[in-house]
Number of protein chains: 2
Amino acid sequence: MKVSTKGQYATRALLDLALHQDEAPVLLKHIAQRQKISLSYLEHLITPLIAAGIITSTRGPRGGISLARPPEEIGLDEVVQLLEGAISLVECVGNPKVCTMSQSCATREVWDELRQAMMGVLKSVTLRDLMERQREKENATEIMYYI
Amino acid sequence: MKVSTKGQYATRALLDLALHQDEAPVLLKHIAQRQKISLSYLEHLITPLIAAGIITSTRGPRGGISLARPPEEIGLDEVVQLLEGAISLVECVGNPKVCTMSQSCATREVWDELRQAMMGVLKSVTLRDLMERQREKENATEIMYYI
DNA sequence: ACTAAGTTGATAAAATTAGTCAACAATATA
DNA sequence: TATATTGTTGACTAATTTTATCAACTTAGT
Ligand code: FES
Ligand code: FES
């Protein structure tokens, strides 16, 4: 029961993009370097984000990627679902047919409640929230140095 | 991001055990049949449950397994953690060393909140709750038949 | 003794994850 | 227009995890 590297990396990449975005598109290469993610791998993570209208891309020199919407309108639920697939912890939550007797299975309800709880958290966190948290964290560590 | 069959099956097996328990130990074979789980596989799922003191086993003829505690004292969090490992959706939540820069990573916080939300749900559901839900569900379908 | 159970470890097929590589397409700019 | 720069796509592969199966072993009741 893990979030795969795809979900993790994509989230970090988006946060990185949001933090470094100002006018000019951001280079994939730079995101990869800053986040220590293989560029070749990152390329594949970007594709679904473009398709979903979360980021836009520009090719050629001075190209790169940019957020397609303001960060407060990008929820983590969208990102995670895109990269990890539907958040149903067990198959029969989204697709009851896979289990015979699913109409009277009490455990299935629990997995669904789990799904709802996760969705609740993910929906409540937007890219903007992440940016703020990140800045707070960085301030905190700077203060540490200062002391 | 799935609960593996280990977690699912173990939960169903425990619920089945709880529902069929009265005095005599319950045969693994019967649980396997009712739940349509391979017996050979089920055997491996119950081992950790025994080790964790959730069930007890009796060997030999008239043997089987029984709950080691009343069902209201068995939380799903315990079961799931046992079969799926620690509920940390990403490695660095439980083990910050795996990510350089983890001290100032905002995404990590989210994965931890996700963990807490899941734990909250799982902790709130005991085997007793599952039993009640299951009985309600079965009543509901019986009424359906009656109509 | 014999049989009915649970226990354990080795092994393996299947699926998923994580990643690489190379060819390709688009575009700014010299 | 030539070229360098950037993103796009698909094929491929290694590693890991999941999902089992099988056989040998242990324990206990009759
Ligand atoms: S219906 Fe799928 S596990 Fe019960
Ligand atoms: S610290 Fe592990 S993903 Fe950020």
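Naming: A, B, ... by sequence-line order, numbering from 1 per chain.
Using a 4.5 Å heavy-atom cutoff, the side chains of A/V98 and A/N95 are in contact. Counting heavy atoms from C-beta outward, A/K97 and A/S102 have side chains that stay 4.5 Å or more apart.
Counting to the nearest Å, the C1' atom of D/dT18 and the CG atom of B/L45 are 12 Å from each other. The nearest whole Å value for the distance from the CD atom in A/Q8 to the C1' atom in C/dT17 is 12 Å. In this structure, the CD1 atom of B/I65 is 13 Å from the P atom of C/dA5, given to the nearest Å. We find that CD1 of B/I37 is positioned 17 Å from P of D/dT18, with the value rounded to whole Å. Rounded to whole Å, atom C1' of C/dT20 lies 14 Å from atom CG of A/L42. With rounding to whole Å, B/I50 atom CD1 is found 16 Å from C/dA5 atom P. One can place CD1 of A/I46 at 8 Å from P of D/dT8, the figure rounded to the nearest angstrom. Rounded to an integer number of Å, the gap from CG of B/L49 to P of C/dT7 is 11 Å.
Considering all non-hydrogen atoms of both residues, A/R69 and A/E73 come closest at NH1-O, 2.8 Å. Summarising the geometry of B/R133 relative to A/A106, their closest heavy-atom pair is CB-CB, 3.9 Å, with the distance given to 0.1 Å.
Between B/K123 and B/E78 no salt bridge is recorded (no basic side-chain N to carboxylate O distance below 4.0 Å).
With no hydrogens or angles considered, no side-chain donor-acceptor pair links B/D77 and B/Q81 at under 3.5 Å. Between B/E84 and B/S4, the side chains place a donor N or O and an acceptor N or O closer than 3.5 Å (distance only, hydrogens not considered).
A/L14 pairs in a side-chain contact (heavy atoms from CB on, under 4.5 Å) with only one of the listed residues (A/I31, A/L45, A/L130, A/L49), which is A/L49.
Using a 4.0 Å cut-off, no side-chain N or O of B/S4 falls inside it from OP1 or OP2 of D/dT18.
If B/T47 and B/K29 are placed on DNA chain C by their nearest nucleotide, the residue sitting closer to the 5' end is B/K29.
Distances from the side chain of A/T5 to the nucleotides C/dA18, C/dG6, D/dA20 place C/dA18 closest.
Near-neighbour residues of DNA chain D inside residues 14-28 of chain B, defined by a heavy atom below 4.0 Å, are absent.
A search for salt bridge (charged side-chain N to carboxylate O under 4.0 Å, His left out) contacts involving B/D129 returns nothing, not counting sequence neighbours.
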* Which parts of nucleotides 21-30 of chain D does protein reach within less than 4.0 Å, heavy atoms only, written one letter per nucleotide 5' to 3' as B for base, S for sugar-phosphate only and - for none? -> BB---BBBS-
